[in-house]
There are 2 protein chains.
Amino acid sequence: MRRATARDVAETAGVSVATVSRVINGAAGVNPETAAKVHAAVAELGYRPNGVGRSLKTASSRLIGVLIPTLSNPVFAEAVDGIAEGVANGGYSLLFSASDYRRQAESLGIETLLRYRVDGLILTVADAADSRILDLLDTAEIPYVLAYNPDGAHGRPTVTVDNRAAGALVAERLVELGHRRLGMIAGRLSDSDRARARHQGFSEAAAAAGLAEPWLAEVPFTRPELEPVLAEIFAAKDAPTALFCSNDMLAIATIGVLTGLGISVPGEVSVVGFDGIAIGTHLHPTLATVVQPSRELGRTAARQLLRRLGGESAVAPVILPHVLRHGASLGAAPKSGPVEAQASIPTDSGLEIRTTTP
Amino acid sequence: MRRATARDVAETAGVSVATVSRVINGAAGVNPETAAKVHAAVAELGYRPNGVGRSLKTASSRLIGVLIPTLSNPVFAEAVDGIAEGVANGGYSLLFSASDYRRQAESLGIETLLRYRVDGLILTVADAADSRILDLLDTAEIPYVLAYNPDGAHGRPTVTVDNRAAGALVAERLVELGHRRLGMIAGRLSDSDRARARHQGFSEAAAAAGLAEPWLAEVPFTRPELEPVLAEIFAAKDAPTALFCSNDMLAIATIGVLTGLGISVPGEVSVVGFDGIAIGTHLHPTLATVVQPSRELGRTAARQLLRRLGGESAVAPVILPHVLRHGASLGAAPKSGPVEAQASIPTDSGLEIRTTTP
DNA sequence: GGGATGATTGTAAACGTTTACAACGAGAAC
DNA sequence: GTTCTCGTTGTAAACGTTTACAATCATCCC
C-alpha cells in the first residue's frame, strides 16, 4: 500500500495541495470548515507529512548531527542523552555518528552527516585546534558547537569545563596529601585535546609545587594495554605514588590492573579519574574524580546550537563548573622520603612512557 | 556562499546533470575522460551530493531509526554503539530517539522517525505484546527489529536473550546456595516486557523448587525511590535473603541502599542483577549478574534489519546466549531456618509491594 | 554509400513538499 | 451598478536528485 501524500489528502478532502500544506503547518487564513475537512482526510488516510520533501523545499532538515568518539564511555552517552533532550524541545531530531576515536571515521562521519544536510552539529573531535573538519565547517558556514573540546585560541563555540584548571586542581590536591612523585595515564595526547589540557594543568601545578615533571604514559583509547605499562612504571625505584588518569574508564582499568599487580590503592598508589561517571561512587574503592556535568553539558550544547540556529550570530564559549569528588581511591602519600632526582627509564618494550627530568 | 549542486558541477564540467549523477554514483557506461572532468569539477566546487534530494527521488533515505529508553543505562548505550557499527557497514546512518521509558515519548519518537522516512527501525519498546507502535509499523509495512524485547507470541523479529530462562537460572542458583526466601526488585512490569519475562522465569523456578512466591517490588525506572521500599521489605520477619534485580542499574542502587540501611551484601542479603554491564566487575562488591552481549545484540539487530532491507522477506527471531556471571554480591544464604508460611505485609506507605501466599 | 550497431550523452519528468502569485467571490463603499 | 477590499483558495514553480528515453555520433559491415 503506497504511502499517502499531500496530493491524496487534497483529493480526498476536495481541496488543493496548497491548502493541505497550509492546514498541516497551521498557517493562518484558512477557513475552519476547510481545515476540518483536511484533518478528516488526514486521519482517514493515515497521512504523515514526508519530511524529505519538506526538507528539500525548505532547505532545512530540522536535523542535528552528533559526532562523538563512542557511546561505550558513559560520559558521552550521558551527554548525548542530554543533547537529545535539549534538541527535542526545539523540534529537532538527532542524526548520530561515532568515530571510535579514529580521525578517519571522524571525517567520514561528518561527511555523511553533511550529506543529510543537518542544520547544525554537536561534536567532540580529537583535537579542536587541528581539525580539518572544523575548518571545513567554518568555511561552509555550518553551525556547530563543540562538546568537551576546549576552545583553544580559536574562539570556537564550545561547551566544556576548564580542563587545565581541573588538572591543576588534581595536582594541588595530591600535593596537599603529601604526594611528591606524580604520574598521569592518558589516552594519546595527540588524539585528545582535553587530555592534553588536563595534562598541562597537572604538569604546571606540579612544577609550581616544586615537583619533578610527572610521569606520563600514553595509551590507546580503545583497549589500552595497561598491564605492561604499569608494570614498567612501578618497577622503577622512583615510581609515582599517585596517578591521574585522563578519564574514568582509564582510572577504573588502572585500579584493576594495579590491584592485579599487587599494588594497593590507595595504600601504595592513589588514583584520580576524570569525568565523574555516575557509577564511580559505587566502585571499590570509590573513585576519586573530577566531575563534569555531562548531561547538563549536552543540554547546554543543544541550547547553544539552537540559539545559533535561531539567528544569534556567534555564541560564546561556555565553561561549566567542575568539582573534585573525593573517593577512597585517593589517599595520603605512603611514608617514604621523596626521591632526589628522577631518572628516565628505558622504554625497551616500545611502550609510550615518557619521563622528563627538568 | 550557496552550496554547490549537481547543476553547478554540470556547468563547470561542461556536461549535463544526468552525467554528473552517473559519475557520482559510479554508473557504468560513462567515458573516463568525462568522468575525470566531473571529478575535477566536484573537487573544485567542494560538491557534496544532497542526500535529501536523493532520498526524495529514490524513495530510500538510507536512514535507520533507533528508539530506546535511555542512553544513561549502559546496556542501551552499548547496544546503540553496536547498531551504529552494524549499519555503517551497509551505508546507513542512525536517526536517534530516546523514550525515557515513557509510552507517550515512544509514540512521539516513532512518529518523528517515520516523518523522516527511515528505511527501517531498531527499537526497544515498553511492551512488544501490547504496542500500538508495532501495530502501526506492521500495517505500514515498515521493516523493524526489536532489541531486548522478547518476541512473545507474535513472531515479531527480535534479537534478545531468553529472559525467562535467565530468570529461572537465577532462582535455581539462589536455591542451590540455600536461599529459601527470594525477592525481586523490578522496574514496573507493565512498562517492561523483559522484566516481566525475567520475573516469570524467576517465579516459576521458585515454585518448582517448592518456595513461596518471591516478594516483588515494582519501582519506576527513572529515579526509583528504593529506600522506603527496601526498608519496608526488610522490616518483615520473613524478609528475603536474596534479591534479583531486573537490571544492573537497579541492582547497584539496591546494594547502595541496603548498605546504607546497615544490611550487609552478601552477608545478610544476596543481590543479583541483569545485563552484565561492563563496569559490574569493578563494583564493590563485584556484581553477580546475568550477562547479555549488548554490543553483539546491537550488531545482530542491525544485521537482521539490513537483511530484511536487502530483500529477505521475514527474518527469524534471534536468541543470543546469556550467562550468569558470579560476583561477590551473591553468596550463600545466611544460617537461619526458613519461615513456614509467608505473610502479606501492609503496604501502608502506598508503595508497590506485592507478596503472594500460595 | 547506406544502414545498423553501440557507446556516450542529453532531455525532461518525477519524487513530495512549500510558497509566491493569481484568481475568485462576496460584501462594502461610493 | 461599479469598483475596491478582503478572505480564501488554487496554480505552478521550485528544491536537488535519479532515470527512462531520446538523441547523437562514430564505427562497422555489406
Side-chain angles (χ1 to χ4, degrees), chain A residues 1-39 41-42 45-63 91 93 112 114-119 140, chain B residues 1-39 41-42 45-63 91 93 112 114-119 140:
Chain A
M1 187 187 67
R2 200 177 49 83
R3 202 108 68 208
T5 75
R7 190 193 174 90
D8 299 325
V9 175
E11 282 173 13
T12 306
V15 299
S16 73
V17 289
T19 299
V20 172
S21 173
R22 281 187 273 255
V23 173
I24 297 295
N25 297 303
V30 43
N31 190 316
E33 287 179 31
T34 314
K37 279 192 297 183
V38 171
H39 280 130
V42 165
L45 298 178
Y47 170 70
R48 201 184 332 268
N50 186 326
V52 179
R54 173 177 302 180
S55 293
L56 185 59
K57 178 59 196 178
T58 62
S60 155
S61 60
R62 306 219 57 103
L63 241 36
S93 295
T112 307
L114 293 186
R115 273 198 216 302
Y116 284 102
R117 296 296 190 264
V118 292
D119 289 345
Chain B
M1 185 186 67
R2 196 180 52 84
R3 202 108 68 206
T5 74
R7 190 195 172 89
D8 300 325
V9 174
E11 282 173 12
T12 305
V15 298
S16 74
V17 289
T19 299
V20 171
S21 173
R22 280 187 273 255
V23 172
I24 298 295
N25 296 301
V30 42
N31 191 315
E33 287 179 31
T34 314
K37 279 194 296 186
V38 171
H39 280 130
V42 165
L45 299 178
Y47 170 70
R48 202 184 329 269
N50 185 326
V52 180
R54 173 177 301 182
S55 292
L56 185 58
K57 178 60 196 177
T58 62
S60 156
S61 61
R62 308 223 49 109
L63 242 36
S93 295
T112 307
L114 292 186
R115 272 198 217 302
Y116 284 103
R117 295 297 189 264
V118 292
D119 289 344

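When reading the values below, keep in mind they use all heavy atoms of this one structure, side chains included, and skip hydrogens, waters and symmetry mates. Proteins get letters first, then strands, A, B, ... in listed order; numbering begins at 1 in each.
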### Presence of B:T19 side-chain N/O under 4.0 Å of C:dG10 phosphate oxygens OP1/OP2
yes
### Message
Could you go through A:Y116 and B:L63, starting from their C-alpha distance and side-chain angles, then the distance that decides it, and tell me whether this counts as side-chain contact (heavy atoms from CB on, under 4.5 Å)?
### Response
CA-CA 10 Å; A:Y116 284 102; B:L63 242 36; 3.3 Å; yes
### Query
NA contact type, B:R7, heavy-atom cut-off 4.0 Å: base, sugar-phosphate, or nothing?
nothing
### Query
Could one point to a donor on the side chain of B:R117 or the base of C:dG16 with an acceptor on the other under 3.5 Å away?
no
#### Entry: side-chain contact (heavy atoms from CB on, under 4.5 Å) between B:N25 and B:R54, worked out
CA-CA 11 Å; B:N25 296 301; B:R54 173 177 301 182; 3.4 Å; yes
### Query
OP1 or OP2 of D:dG16 less than 4.0 angstrom from a side-chain nitrogen or oxygen of A:Y116, does that happen here?
no
### Message
Just to be sure I understand the rule, does B:V15 reach a base, reach only the sugar-phosphate, or reach nothing, if contact means heavy atoms closer than 4.0 Å?
### Response
sugar-phosphate
### Query
Separation of A:D8 atom CG from C:dC15 atom C1', in whole Å?
13 Å
### Query
Considering heavy-atom distances to DNA chain D, does B:T5 or A:V30 have its closest nucleotide positioned more toward the 5' end?
A:V30
#### Entry: Atom-to-atom span, NZ of A:K57 to C1' of C:dA14 - whole angstrom
16 Å
### Query
Any side-chain N or O of A:N25 under 4.0 Å from OP1/OP2 of C:dT18?
yes
### Summary
Among D:dA12, D:dT17, C:dT11, the one nearest any side-chain atom of B:S16 is C:dT11
